[in-house]
Chemist: 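I have a structure here, written as structure tokens, and I will follow up with some questions on it.
Just so we're on the same page: letters track the sequence lines, and every chain starts at 1.
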Amino acid sequence: MKIQAINGFKDILPDQMLLWRRIEHTAAEVFQRFGMREIRVPLMEKTELFVRSIGEATDVVEKEMYTFSEKKTTMRPEATASIMRAFIEHGMHVQQPVQRLFTIGPMFRHERPQKGRLRQFHQLDAEIVGATEPQVDAELIAMGQLILDELGLSTSLEINSLGCQECRPPYRRKLISFLEEQREELCEDCRRRTHKNPLRVLDCKKTACKTIAHQAPSLLEDLCEGCSSHFAQVQEGLDALEIPFTLNRFMVRGLDYYTQTTFEFLTADLGAQAAVGAGGRYDGLIEQLGGPALPGIGFAMGIERLALLMEQNAEEPLEQQTDIFLAALGEQAPQPCSRLIHQLRKDGLKAAMDYSGRSLKAQMKQANRCHARFVLIIGDSELEQQQGVLRNMQSQEQQSFPLTGSPQEQSQSLLRLLQL
RNA sequence: GUGAGCGUAGCUCAGCUGGUGGUAGCACCGGGUUGUGGCCUCGGAGGUCGUGGGUUCAAGUCCCAUCGCUCACCCCA
């Protein structure tokens with residue numbers, strides 16, 4: 001039996017890594033423009049952390065976590081909880097009133113894999129802690145939008161408000177009693193959801209449930225004054241930044257800690273997975289984890305989903321370039337070539353060579369495959385005459401290159417020639 | 001956890017109602033160019049047809065089981 005990777009765990013192969021790097025670089029660079037600082041937190045935490053933050057009754061906690069039960073530890077299913085734990089543990093709020101943090105890394109959820117959905121997946125994650133101003137909500141959303149723009153992706157943005165501890169519970173009760181009246185019309189799943197997660201019924205895809213959802217009381221109309229004006233100002237803020245969005249009062253979250261503003265960046269091109277990024281405000285979370293009563297807002301984007309979208313748009317696939325390839329021919333050439341190539345590499349060039357002693361044709365092919373700009377051919381006759389042949393692969397022009405002097409001197413003159 | 005579909009070369013796939021595994025494409029190696037890549041051309045190498053049973057004179061093809069993968073539901077990035 002062949003050993004293969006675990007279902008839902010994927011290799012990211014060299015051909016894909018340039019795209020991945022581009023995504024991660026673009027995001028990190030945009031994050032930094034917004035004053036975000038990178039943080040790395042462990043891949044494992046005490047199980048309790050996720051139970052308390054994400055919520056005991058959520059699907060993630062109930063059935064999707066990779067937990068070592070005897071150790072009471074869990075592979076992180078998302079980043080926010082871990083970052084908030086680190087924030088509290090290191091007393092980060094004393095250093096700065098507002099902390100702006102980002103992280104990039106793998107997350108783990110034991111779900112059935114499908115398109116755009118894996119058991120180990122990777123997220124770009126941004127968190128702003130300590131600011132309640134609605135302008136910050138708008139700024140954070142704008143930051144996510146800018147990353148997508150700079151990656152050349154067109155997604156749509158939907159926003160909603162889930163209210164706060166004041167206005168959500170009464171609304172929830174109101175919604176439950178409404179749903180109970182409609183019980184007969186609801187699908188099986190939604191009957192179950194009515195008490196477990198009534199807001200989720202609003203997001204059901206079944207037509208019967210959709211009809212009921214449209215008749216259901218709207219949370220947006222039941223928001224308390226604070227939430228209502230906050231949400232209005234978030235929308236004003238987005239308008240001011242010229243970020244287009246649509247209001248989706250049916251949008252819900254699968255994690256318990258969200259309050260007020262929530263949003264999703266959506267695409268139609270990922271099969272059943274519509275969201276490439278999503279986030280929201282979590283004003284009670286830090287306090288709930290035993291920290292100071294500070295508000296927070298954040299989002300996460302799925303790197304695999306971004307990469308899938310970018311591959312689908314794929315113009316030219318990205319390729320790793322090589323500055324110079326040394327073709328060593330005959331018995332004598334490999335020795336001086338290996339000294340020269342090491343010097344070239346010390347001097348910062350991307351240099352490659354082949355030690356197999358294959359034919360020049362084969363080595364030229366190899367040079368072409370690694371996208372070499374130049375090839376330096378060194379065979380017995382070149383060694384004898386102390387003149388290598390330097391070929392420009394694009395223009396096909398060749399010139400002789402003196403093999404005299406130390407490797408350092410040869411490297412320096414090659415550097416000069418290649419800059420031209 | 002539920003449902004459907006699919007496992008043939010490194011990859012993408014042909015293979016009809018069972019009758020010798022494809023001159024298939026990409027990739028790889030070599031020749032055409034006595035030491036010059038990409039294009040072209042000729043040749044070469046590469047397979048326990050996922051695995052195990054069964055039916056049959058004969059199974060890649062039919063049946064059963066099993067493993068794996070994919071997509072969808074659920075849920076989510």
Chemist: Tell me the interatomic distance from A:R76, atom CZ, to B:A77, atom C1', rounded to whole angstroms.
Modeler: 13 Å
Chemist: Strictly below 4.0 Å: does A:N368 bring a side-chain N or O up to OP1 or OP2 of B:U36?
Modeler: no
Chemist: Apply the test salt bridge (charged side-chain N to carboxylate O under 4.0 Å, His left out) to residues A:D323 and A:K350: give CA-CA distance (whole Å), side-chain angles for both, the deciding distance (0.1 Å), then the verdict.
Modeler: CA-CA 5 Å; A:D323 296 316; A:K350 297 187 187 94; 5.1 Å; no
Chemist: Is there a donor on the side chain of A:E64 or the base of B:G1 sitting less than 3.5 Å from an acceptor on the other?
Modeler: no
Chemist: Give a yes or no on whether a donor-acceptor pair under 3.5 Å exists between the nucleobase atoms of B:G37, that is its base, and the side chain of A:R391.
Modeler: yes
Chemist: Could you state the atom-to-atom distance from CZ of A:F121 to P of B:C75 in whole Å?
Modeler: 16 Å
Chemist: Among B:G31, B:G37, B:G1, which nucleotide sits nearest the side chain of A:Q396?
Modeler: B:G37
Chemist: Picking from B:G37, B:C29, B:C75, which would you name as closest to the side chain of A:R200?
Modeler: B:C75
Chemist: Looking across every strand, which nucleic acid part, if any, lies under 4.0 Å from A:G379 by heavy atom: base, sugar-phosphate, or nothing?
Modeler: nothing
Chemist: Return yes if the base of B:G38 and the side-chain atoms of A:Q394 contain a donor-acceptor N/O pair under 3.5 Å, otherwise no.
Modeler: no
Chemist: Whole angstroms only, please: what is the CG-P distance between A:L360 and B:G31?
Modeler: 11 Å
Chemist: Do A:V234 and A:Q260 have side chains that approach each other closer than 4.5 Å (heavy atoms only, starting at C-beta)?
Modeler: no
Chemist: Any N or O donor-acceptor pair linking the side chain of A:R117 to the base of B:C74 at under 3.5 Å?
Modeler: yes
Chemist: Measure from the side chain of A:N7, starting at C-beta and using heavy atoms only, and say which of B:C69, B:U36, B:C73 lies closest.
Modeler: B:C69
Chemist: Once you apply the 3.5 Å cut-off to both distances, tell me the Watson-Crick or G-U wobble partner of B:C6, or none.
Modeler: B:G68
Chemist: Taking atom C1' of B:A77 as reference, at what distance in whole Å does atom CZ of A:R305 sit?
Modeler: 5 Å
Chemist: For the side chain of A:K361 and the base of B:G32, is some donor closer than 3.5 Å to an acceptor across the two?
Modeler: yes
Chemist: For the side chain of A:Q4, counting heavy atoms from C-beta on, which of B:G38, B:C69, B:C75 is nearest?
Modeler: B:C69
Chemist: Atom CE of A:M107 to atom C1' of B:A77: distance rounded to whole Å?
Modeler: 9 Å
Chemist: Taking a pair as Watson-Crick or G-U wobble with both distances under 3.5 Å, which nucleotide is matched to B:A58?
Modeler: none
Chemist: Whole angstrom is fine here: how far is it from CZ in A:F325 over to P in B:G38?
Modeler: 14 Å
Chemist: Using purine N1 to pyrimidine N3 plus N6-O4 or O6-N4 for Watson-Crick, or N1-O2 and O6-N3 for G-U wobble, each under 3.5 Å, what pairs with B:U17?
Modeler: none
Chemist: Give, for atom CG of A:L151 and atom CG of A:L309, the distance between the pair rounded to the nearest 0.5 Å.
Modeler: 10.0 Å
Chemist: Decide if atom CD of A:Q165 counts as having more than 12 heavy atoms of other residues, nucleotides or ligands within a radius under 6.0 Å.
Modeler: no
Chemist: Using a 4.0 Å heavy-atom cut-off across all strands, classify A:L118 as base, sugar-phosphate, or nothing.
Modeler: base
Chemist: How many Å lie between CE on A:M310 and P on B:A77, as a whole number?
Modeler: 21 Å
Chemist: With rounding to the closest Å, how many angstrom separate the P atoms on B:U61 and B:G22?
Modeler: 16 Å
Chemist: Please determine whether a side-chain nitrogen or oxygen atom of A:Q114 lies at a distance below 4.0 Å from atom OP1 or OP2 of B:C73.
Modeler: yes
Chemist: Under 4.0 Å between a side-chain N/O of A:R369 and OP1 or OP2 of B:C29, yes or no?
Modeler: yes
Chemist: Checking all strands, does A:A362 fall into the base, sugar-phosphate, or nothing category for heavy-atom contacts under 4.0 angstrom?
Modeler: sugar-phosphate
Chemist: Indicate whether OP1 or OP2 belonging to B:U70 is found under 4.0 Å from a side-chain N or O atom of A:K10.
Modeler: yes
Chemist: With heavy atoms under 4.0 Å as the rule, sort A:G271 into base, sugar-phosphate or nothing.
Modeler: sugar-phosphate
Chemist: Look at the side chain of A:R193 and decide which nucleotide, out of B:C71, B:G30, B:C75, has an atom nearest to it.
Modeler: B:C75
Chemist: Select base, sugar-phosphate, or nothing to describe what A:Q398 touches, counting heavy atoms under 4.0 Å on all strands.
Modeler: base
Chemist: Which heavy atom of A:S161 sits nearest to which heavy atom of A:L219, and what is that distance?
Modeler: O-CD2, 3.5 Å
Chemist: Give none if B:G1 has no partner; otherwise give the nucleotide forming a Watson-Crick or G-U wobble pair with it, both distances under 3.5 Å.
Modeler: B:C73
Chemist: Starting the side chain at C-beta, find the nucleotide from B:C71, B:G35, B:G37 nearest to A:I377.
Modeler: B:G35
Chemist: On RNA chain B, compare the nucleotides closest to A:S381 and A:R358; which residue's is nearer the 5' end?
Modeler: A:R358
Chemist: Between B:C11 and B:C16, how far apart are the two P atoms, rounded to whole Å?
Modeler: 22 Å
Chemist: Please report, to 0.1 Å, the donor-acceptor pairs under 3.5 Å made by any side chain of residues 63-71 of chain A, with sequence neighbours excluded.
Modeler:
unit_1: A:K63; atom_1: NZ; unit_2: A:D59; atom_2: OD2; d: 3.4
unit_1: A:Y66; atom_1: OH; unit_2: A:H110; atom_2: ND1; d: 3.4
unit_1: A:T67; atom_1: OG1; unit_2: A:T74; atom_2: OG1; d: 2.7

Chemist: Between B:G52 and B:C57, how far apart are the two P atoms, rounded to whole Å?
Modeler: 23 Å
Chemist: Report the nucleotide, chosen from B:G38, B:A77, B:U36, that has the shortest atom-to-atom distance to any side-chain atom of A:A278.
Modeler: B:A77
Chemist: Rounded to whole Å, how long is the line connecting atom CD of A:Q363 with atom P of B:U36?
Modeler: 12 Å
Chemist: When the P atoms of B:A4 and B:A65 are compared, how many Å lie between them, rounded to an integer?
Modeler: 13 Å
Chemist: Report yes if some heavy atom in the side chain of A:Q387 is under 4.5 Å from a heavy atom in the side chain of A:E382; otherwise report no.
Modeler: no
Chemist: Could you tell me whether A:E62 contacts a base, only the sugar-phosphate backbone, or nothing, with contacts defined as non-hydrogen atoms closer than 4.0 Å?
Modeler: nothing
Chemist: Going by purine N1 to pyrimidine N3 plus the second Watson-Crick contact, or the G-U wobble pair, all under 3.5 Å, which nucleotide sits opposite B:G44?
Modeler: B:C28
Chemist: Just by distance, with hydrogens left out, do A:Q343 and A:S411 show a side-chain donor and acceptor under 3.5 Å apart?
Modeler: no
